[in-house]
Amino acid sequence: MPELIPVGLIEILQIFGLPGLIVFMWWYDKKETRVILDKYKDDMTQIKRMYENNVSLVNDYLELTKDYKQIAKDLHDVIIMNTQAWQRAADDINRNQYCPLNRIKKQAPGPEDK
């Protein structure tokens with residue numbers, strides 16, 4: 001017949017009785033609980049690290065969006081200045097009164113038309 005109760009438990013019962021068995025079970029259970037709690041602590045540490053990394057990523061993203069907003073504003077200003085410069089160039093071309101080949105007929109003739 002196979003042995004159902006380990007030899008160590010029988011010796012504990014013989015030496016210490018039922019209170020010894022209760023203390024052994026409490027100690028053994030506490031040892032297992034410690035292993036579980038240590039594993040849980042490691043898992044929580046990893047989760048904490050992941051959250052800290054996420055916060056770091058969010059902060060980096062916020063800094064990048066600030067930089068992007070500044071670049072977009074600068075680009076907007078450049079486009080407006082470029083458009084104004086081309087408009088002035090177009091106006092100057094349309095009002096060219098100094099080149100006789102491109103002179104626009106006006107009511108008052110230029111000095112060369114007299």
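Reckoned from all heavy atoms, side chains included, excluding hydrogens, waters and symmetry mates. Being a predicted model, the structure only gives us computed values, none of them experimental.
We find the NZ-CZ distance between Lys39 and Arg34 to be 15.0 Å, quoted to the nearest 0.5 Å. Taking CG from Asp38 and CG from Asp43, the interatomic distance works out to 11.0 Å, rounded to the nearest 0.5 Å. The CD1 atom of Ile47 sits 7.5 Å away from atom OH of Tyr40, with the distance rounded to the nearest 0.5 Å. Taken to the nearest 0.5 Å, the CE atom of Met44 stands 12.5 Å off from the CZ atom of Arg49. With rounding to the nearest 0.5 angstrom, the CG atom of Leu62 is 11.0 Å from the CG atom of Leu57.
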For the pair Gln84 and Arg88, evaluate side chain to side chain contact (heavy atoms under 4.5 Å, CB included) and give the outcome as yes or no after the intermediate values. CA-CA 6 Å; Gln84 290 171 346; Arg88 282 192 306 270; 4.0 Å; yes
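Applying the side-chain hydrogen bond (donor to acceptor under 3.5 Å, both in side chains) test to residues at least two apart or on different chains, the pairs with a partner in residues 51-72 are Gln70-Asp74.
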